[in-house]
2 protein chains.
Amino acid sequence: MKPKMTLKKIANELGVSISTVSKALHNNKEISQENRDKIQAFAKLYNYRPNSIALNLKNNKSRTIGIIIPEIVHFFFAKVISGIEKVANSRGYNVVIGVSNESLEKEIINMDLLVDGGIDGFIISLSKETLFHQDYHHLRESISQGIPIVMFDRVVEGLECDKVIIDDKRASKKAVELLLATGCKNILLLTTQDYITIGKLRTEGYLEVLRENNIPIREELIVKVDDKGGMDEYQIILDQEIRKKFDAHPEIDGVFAVNEIYAITVLNVAGMRGLKIPENLSVISFSDGILSLHSRPSLTTVKQNGVQMGELSAKILLDGLETEEDQTVFSTHLIETVLIERDTTKRLV
Amino acid sequence: MKPKMTLKKIANELGVSISTVSKALHNNKEISQENRDKIQAFAKLYNYRPNSIALNLKNNKSRTIGIIIPEIVHFFFAKVISGIEKVANSRGYNVVIGVSNESLEKEIINMDLLVDGGIDGFIISLSKETLFHQDYHHLRESISQGIPIVMFDRVVEGLECDKVIIDDKRASKKAVELLLATGCKNILLLTTQDYITIGKLRTEGYLEVLRENNIPIREELIVKVDDKGGMDEYQIILDQEIRKKFDAHPEIDGVFAVNEIYAITVLNVAGMRGLKIPENLSVISFSDGILSLHSRPSLTTVKQNGVQMGELSAKILLDGLETEEDQTVFSTHLIETVLIERDTTKRLV
DNA sequence: TTGTATGCGTTATCAC
DNA sequence: GTGATAACGCATACAA
């Protein structure tokens, strides 16, 4: 095992002082060209790398940012991470990840762990539990300790931080408008409980389009899926709920689902009862990524640009980190979505 | 913004020395009970947290481990990460992630970045390019600098490190045996190029089972998919290759695919030509996670236990980190897989 | 042109 | 029981 090179060792070897070495390696002109050359050559030979922990201590920053997400085994979040990674690395920052697993408690524990780890700032998407309990003290604390936060996707109002979100309402409106344009009259909405901000916004988009088109809103066509419980259980409940709706309302000719899983489940249920898609039934969903491509028929989706979201979040955080004066004004940044038409909606000619 | 508390500030506020404060906070009995109580109370009140960067500098470790993966937008790797996260966090370690994007160069850059960031050890799955060029100098360097490595999934021989892999060959054999048992006579193998270790092992499993059952090996039923190029292009090539094979060999009655994407593509192609699954055609694939559940018909898969893989890798790395003496003997740990029978294979009665 | 001293926050050793 | 000091690795203001 190679011993680690330090300024001190180089200084000893070469019979000069530590500061001379330090200056030489920074190519400081105070040091004679001769010494600079010699020292630099020596350093390169022994593969000297400055100890970043020591630098961190000096500068009181770590050039590391923390990401807190509810779930890592999830395409959307993985994409966001890859976006963050990309810009962070290109700017010489490291990225640390904490997974809250949708729990407020784990969110807090993870943030503490990262704060103790000397993180410079956070990029975070809140857990369902956090949203549900509306408990944001840990976020306030981080901010008041001078560790800035950028929230994305699952965000809340009233905190001193920037926010990056998809223009959920607008995207949702575009989707429902497409369904109407292709002739759907009775559109089933599959959404989340209202405490999930994005679900709520998407619901609002749906309602607004109906209102704008003077279509009566039928509460019985709105399903707010209860997403408590484990994965398996959840899938079964979802399945049953959808069946029930189709039983009770055979007039349903369109479905707008706020996520892929809901939509795929609809596809399966519809397949079972011999409903032709898109002839008898059109389906659109928001999408994280891959299921919609490989489903049969392939799903028309509102594509969430996770990578872009990550990139922007990181850019905002790092820009803030690298400016001198304290940030006092915060804003909400909207990411545009794209509607990708595939096989579950009729083609408009 | 709350100023950050340090030992020094506490010492000043309370009119004692820094070392007294340090000792008091460690509940050192040298310090009078009275002073201990006072100092601890004060520290708690002002929410003192030791500066871990300073600790890192002193101890020359960071309690942070680095993960290098080829791709984060990938279920299997996401699962591995979640496994690593879980044990690392429970043992008070942070996790930083670098994504090589299947490039040797980015793998090196990322490792350098993390090494400079003061990582204690690596958990890594090699990029395709690294495997292809068989260039492992960066790994050797890390090891020789005293930064241990645990490789998982995509591993190579000849390095001084532990390895965690799925028992690919065995799993592959189980899968092909099931196909034979359900009556398949002409099994198409969809695998990767041989330089991908896991693809190669899975291929070997396939060959071995055929040999054991005295079934002649037909090279024309083995497709080693070329996975160069972007996602879209790749999908198209894959699609065409599979079509061609079905055209040329209508006798194919079983498919063993080394990953989900290959298998789903087979499902789609088969669907197009009206092949009934599993009546006319059985399909099994290795699986990362979610596509197989939601495909129709649902896929019989060899489940790769990514979470378990992550947990074991982390455990091995941390155990090594926390033992005093240098590790000199390294081993390969096999993770058992489970064959999950779903709709693409006939049920055995 | 080079070297010395100081400080970043902590712990450990040793002196009082 | 308490406190001064050195050390971890580095950068830098200042002295020589």
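Side chains included, hydrogens not; waters and symmetry mates left out as well; all remaining heavy atoms used. Sequence lines set the chain letters: A, B, ... in the order given, protein chains first and strands last, and positions in each chain run from 1.
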Trainee: List every contact pair, protein side and nucleotides 4-6 of chain D side both N or O, where the distance is under 3.5 Å.
Mentor:
| from | atom 1 | to | atom 2 | distance (Å) |
| --- | --- | --- | --- | --- |
| dA4(D) | N7 | Ser19(B) | OG | 3.0 |
| dA4(D) | N6 | Ser19(B) | OG | 3.2 |

Trainee: Report yes or no: does Asp162(B) contribute a side-chain atom to a donor-acceptor pair with the main-chain N or O of Ser331(B) at less than 3.5 Å?
Mentor: yes

Trainee: Pick base, sugar-phosphate or nothing for Leu57(B), based on heavy-atom distances below 4.0 Å to the nucleic acid.
Mentor: base

Trainee: Is Asn110(A) reaching over with its side chain to a backbone N or O of Gly98(A), donor-acceptor style, under 3.5 angstrom?
Mentor: no

Trainee: Rounded to whole Å, please give me the gap between CG in Asn28(A) and P in dT2(C).
Mentor: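 Taking CG of Asn28(A) and P of dT2(C), I get 11 Å after rounding.
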
Trainee: Please tell me whether Ser22(B) and Ser19(B) have a donor and an acceptor in their side chains that are separated by less than 3.5 angstrom.
Mentor: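 Their side chains do not contain a donor-acceptor pair, so the 3.5 Å distance test is not met.
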
Trainee: Is the phosphate of dT11(C), meaning OP1 or OP2, less than 4.0 Å from a side-chain N or O of Asn59(B)?
Mentor: no

Trainee: Are the side chain of Ser127(A) and the backbone N or O of Ser100(A) linked by a donor-acceptor pair below 3.5 Å?
Mentor: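 No; zero donor-acceptor contacts below 3.5 Å.
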
Trainee: Given atom CD of Gln33(A) and atom P of dT2(C), what is their separation to the nearest angstrom?
Mentor: 11 Å

Trainee: Take the protein atom CG of Leu14(B) and the nucleotide atom C1' of dG3(D), then report the distance between them rounded to whole Å.
Mentor: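 To the nearest whole Å, that distance equals 15 Å.
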
Trainee: Output the rounded distance in Å from CD (Glu30(B)) to P (dA15(C)).
Mentor: 14 Å

Trainee: Salt-bridge test for Glu102(B) and Arg154(B): reply yes if a basic N is under 4.0 Å from a carboxylate O, no otherwise.
Mentor: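 Between Arg154(B) and Glu102(B) there is a salt bridge, with a charged N closer than 4.0 Å to a carboxylate O.
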
Trainee: Counting only side-chain nitrogens and oxygens, does Thr20(A) get under 4.0 Å of the OP1 or OP2 atom of dG3(C)?
Mentor: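 Yes, within the criterion.
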
Trainee: Please report the distance, rounded to the nearest Å, between NZ in Lys4(B) and P in dG9(C).
Mentor: 10 Å

Trainee: Atom NZ of Lys38(A) and atom C1' of dT2(C): how far apart are they, to the nearest Å?
Mentor: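 Interatomic distance, NZ of Lys38(A) to C1' of dT2(C): 12 Å.
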
Trainee: Can you tell me how far P of dG9(C) sits from NE2 of His26(B), to the nearest Å?
Mentor: 16 Å

Trainee: Whole Å only: how far is the NZ atom of Lys61(B) from the P atom of dT10(C)?
Mentor: 19 Å

Trainee: Classify the nucleic acid contact of Asn60(B) as base, sugar-phosphate or nothing, counting any heavy atom under 4.0 Å across all strands shown.
Mentor: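 If one applies the 4.0 Å heavy-atom cut-off, Asn60(B) turns out to touch nothing in the nucleic acid.
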
Trainee: I want to confirm an ordering. Mapping Asn35(A) and Leu55(B) to their closest nucleotides on DNA chain C, which one lands closer to the 5' end?
Mentor: Asn35(A)

Trainee: Between Ser22(B) and dA12(C), is there a side-chain N or O to OP1/OP2 distance below 4.0 Å?
Mentor: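 So the side-chain polar atoms of Ser22(B) never come under 4.0 Å of the phosphate oxygens OP1 or OP2 of dA12(C).
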
Trainee: Please check if the side chain of Ser142(B) supplies one atom and the backbone of Ile147(B) the other of a donor-acceptor pair under 3.5 Å.
Mentor: yes

Trainee: Should Lys8(B) be listed as having a side-chain N or O under 4.0 Å from OP1 or OP2 of dC8(C)?
Mentor: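 So the side-chain polar atoms of Lys8(B) do come within 4.0 Å of the phosphate oxygens OP1 or OP2 of dC8(C), strictly under.
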
Trainee: Under 4.0 Å between any heavy atoms, over every strand shown, what does Leu7(B) touch: base, sugar-phosphate, or nothing? Just pick one.
Mentor: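 Touches a base.
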
Trainee: Could you tell me whether a side-chain N or O of Asn101(A) sits under 3.5 Å from a main-chain N or O of Ser103(A), the two making a donor and an acceptor?
Mentor: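 The answer is no, because no donor-acceptor pair under 3.5 Å joins these two groups.
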
Trainee: Do the side-chain N or O atoms of Asn56(A) get closer than 4.0 angstrom to the phosphate oxygens (OP1, OP2) of dC8(C)?
Mentor: no

Trainee: Is any NZ, NE, NH1 or NH2 atom of the basic residue among Asp135(A) and Arg140(A) found under 4.0 Å from an Asp or Glu carboxylate oxygen of the other?
Mentor: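 Judged by the 4.0 Å cut-off on N to carboxylate O distance, Asp135(A) and Arg140(A) do not form a salt bridge.
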
Trainee: Which nucleotide in the set dT10(C), dA11(D), dC10(D) lies at the smallest distance from any side-chain heavy atom of Asn51(A)?
Mentor: dC10(D)

